[in-house]
Number of protein chains: 2
Amino acid sequence: MPKVGMEPVRRKALVDAALRVIGDHGSLTVTMSEIARQAGVSPALAHHYFGSKEQLLIETIRSLLKQLRDDAVTALKAVNTPRAKISAVIRVSFQADQFAPATIAAWLAFYAEAQRSEETRRFLVIYARRLRSNLVANLKALCPGDAAERIAEGAAAMIDGLYIRQSLRSAPVSIEASISLTEDYIHSQLAALAKGQIQ
Amino acid sequence: MPKVGMEPVRRKALVDAALRVIGDHGSLTVTMSEIARQAGVSPALAHHYFGSKEQLLIETIRSLLKQLRDDAVTALKAVNTPRAKISAVIRVSFQADQFAPATIAAWLAFYAEAQRSEETRRFLVIYARRLRSNLVANLKALCPGDAAERIAEGAAAMIDGLYIRQSLRSAPVSIEASISLTEDYIHSQLAALAKGQIQ
DNA sequence: TAATTTTGATTGACTGATCAATCAATAAAA
DNA sequence: TTTTATTGATTGATCAGTCAATCAAAATTA
């Protein structure tokens with residue numbers, strides 16, 4: 001079986017398995033053994049490639065974030081107007097795979113971990129900043145800068161909140177409802193602003 | 001030392017210590033030993049009174065929720081109009097002790113735990129429902145029922161989202177800013193609705 | 001009241017299980 | 001032969017949970 005060039009294959013398999021196991025388990029207190037088993041290798045191999053459990057977890061969240069960023073970049077490129085770009089950001093946040101219970105559970109677990117792991121926290125701060133700045137940049141084309149920052153803050157909070165509420169799986173708010181709630185917020189804030197400026 | 005009637009005293013000390021340790025540690029992976037040490041008793045006593053770590057954790061979240069409910073009840077009683085009651089709900093959500101880093105960390109840890117523990121999940125669902133229904137009940141006096149439910153959903157999400165974003169401690173949004181962001185949302189939604197109805 | 005029994009509070013020491021991490025050994029490709 | 005991939009076996013640490021023993025206050029009895 002041993003063939004050269006397995007490293008990237010194994011690394012990916014382990015990171016994917018980690019995400020799956022964390023999502024299923026809903027917690028970062030998963031064992032290296034379980035992750036390795038899901039990836040079809042021995043626990044020793046996981047340590048061989050990642051050095052420690054913490055490192056594997058870091059790589060896992062890195063991959064989760066990369067996926068989200070790639071999706072956002074693609075969605076942003078596909079449209080042109082600032083308003084459409086805002087909608088694109090919202091849509092990506094709630095896209096099906098992000099909204100899957102296992103994915104939400106994984107995000108939540110990482111948020112909790114960020115209270116202790118500086119590196120995990122850094123990754124989540126990057127995510128939060130990216131979401132905010134994507135919104136701010138496009139809102140600034142539609143309203144004054146200070147209002148743009150305020151609205152972006154509110155919209156980002158609403159997105160994260162809809163997300164966390166989803167994790168409880170009670171009174172489930174659908175993807176479409178989540179999107180329109182956020183869109184409504186942006187819309188009514190901009191409308192109130194326009195009206196205020198005329199007066 | 002042994003005096004009769006220590007049970008309620010010890011239970012409270014242990015629950016308080018658990019909350020403190022969880023908050024500091026930012027995770028539910030805290031040891032019974034650490035909790036017991038903080039409460040000034042032996043680990044064996046903690047087991048004696050609570051039976052298991054899980055049970056102590058359940059009691060801990062129950063106490064966190066009770067505190068919040070009591071505060072909400074008090075705040076709601078203090079005002080009369082529906083609009084003022086909505087503001088009261090918002091204010092309580094962001095009151096200083098709820099917004100303390102340790103408290104936020106504890107909430108987050110419980111949200112993560114809810115992915116695995118049915119009982120923890122039930123408690124958080126109760127919290128989510130209570131927040132929502134407090135908002136809905138008072139919004140219904142100000143707008144149609146379906147709009148009330150929609151706005152309540154959005155406001156609750158925004159509150160939870162501001163909360164979770166606070167946990168990252170980057171770009172800290174102050175208590176006042178959090179309150180006015182949520183108030184703005186309610187206000188602009190109601191305004192848009194009123195305008196729509198006239199037209 | 002004094003002596004005795006019962007009961008609640010409390011702990012130190014221990015156990016069993018779990019797990020991350022290590023390492024020496026093997027097997028196959030280069 | 002050297003290098004890369006891989007694992008089984010093992011180790012050391014950590015913890016939840018148990019238990020028998022202790023201590024002192026209450027309750028009971030003499």
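Please read all numbers here as calculations on a predicted model, not as lab measurements.
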**Q** Over how many whole Å does the gap from Lys53(A) atom NZ to dA20(C) atom P extend?
**A** 5 Å

**Q** Send over the distance from Met32(A) CE to dA13(D) P, rounded to a whole Å.
**A**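 Going from Met32(A) (CE) to dA13(D) (P), I get 20 Å.
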
**Q** I need the CG-P distance between Leu57(A) and dA20(C), as an integer number of Å.
**A**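 Result: 10 Å.
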
**Q** Looking only at the side chain of His47(B) (C-beta and beyond, no hydrogens), which of the listed nucleotides dG17(D), dA21(C), dT11(C) gets closest?
**A** dG17(D)

**Q** Give a yes or no on whether a salt bridge exists between Glu34(A) and Arg20(A), defined as a side-chain N under 4.0 angstrom from a carboxylate O.
**A** no

**Q** Base, sugar-phosphate, or nothing for Val30(B), non-hydrogen atoms under 4.0 angstrom?
**A**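 Sugar-phosphate, backbone atoms only, no base.
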
**Q** Has Arg10(B) got a side-chain N or O lying under 4.0 Å from the OP1 or OP2 atom of dG8(C)?
**A** no

**Q** Check whether any side-chain N or O of Tyr49(B) sits under 4.0 Å from OP1 or OP2 of dG8(C), and answer yes or no.
**A**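 No, because none of the side-chain N or O atoms of Tyr49(B) sits under 4.0 Å from OP1 or OP2 of dG8(C).
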
**Q** Without decimals, in angstroms, what is the distance between Glu54(B) CD and dA16(D) P?
**A**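 That distance rounds to 13 Å.
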
**Q** Rounded to whole Å, how long is the line connecting atom CG of Leu45(B) with atom C1' of dA21(D)?
**A**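 So the two atoms are 15 Å apart, to the nearest Å.
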
**Q** A side-chain contact here means heavy atoms from C-beta on lying under 4.5 Å apart; do Ile58(A) and Ser117(A) qualify?
**A** yes

**Q** Tell me the interatomic distance from His48(B), atom NE2, to dG8(C), atom C1', rounded to whole angstroms.
**A** 7 Å

**Q** Side chain to side chain contact (heavy atoms under 4.5 Å, CB included) for Ile22(B) and Phe110(B)? Distances and angles first, verdict last.
**A** CA-CA 10 Å; Ile22(B) 291 166; Phe110(B) 283 120; 4.2 Å; yes

**Q** Mind calculating the distance between CD (Glu7(A)) and C1' (dT3(D)) to the nearest angstrom?
**A**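 Spelled out: CD on Glu7(A) to C1' on dT3(D) is 14 Å.
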
**Q** Looking at Val92(B) and Ala75(B), what are the two nearest heavy atoms and their distance?
**A**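 Taking Val92(B) first and Ala75(B) second, the nearest heavy atoms are CG2-CB, 3.4 Å.
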
**Q** Kindly indicate whether the side chain of Gln115(A), heavy atoms from C-beta on, has any atom under 4.5 Å from the side chain of Ser27(B).
**A**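 No. Closest side-chain heavy atoms not under 4.5 Å.
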
**Q** Just how far, in rounded Å, is C1' of dA5(D) from CG of Leu14(A)?
**A**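 Value for this atom pair: 13 Å.
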
**Q** By nearest atom, which of the nucleotides dT7(D), dT18(D), dA20(C) is closest to the Ala44(B) side chain?
**A**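 Nearest to the side chain of Ala44(B) among the choices is dT18(D).
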
**Q** Among dA16(D), dA5(D), dA21(C), which nucleotide sits nearest the side chain of Met6(A)?
**A** dA5(D)

**Q** Where each residue is assigned the nucleotide of DNA chain C containing its nearest heavy atom, which of Thr29(A) and Pro43(A) is assigned the position nearer the 5′ end?
**A**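 Result: Thr29(A).
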
**Q** Go through dA16(D), dA21(C), dC19(C) for me and flag the one nearest to the Thr31(A) side chain.
**A** dC19(C)

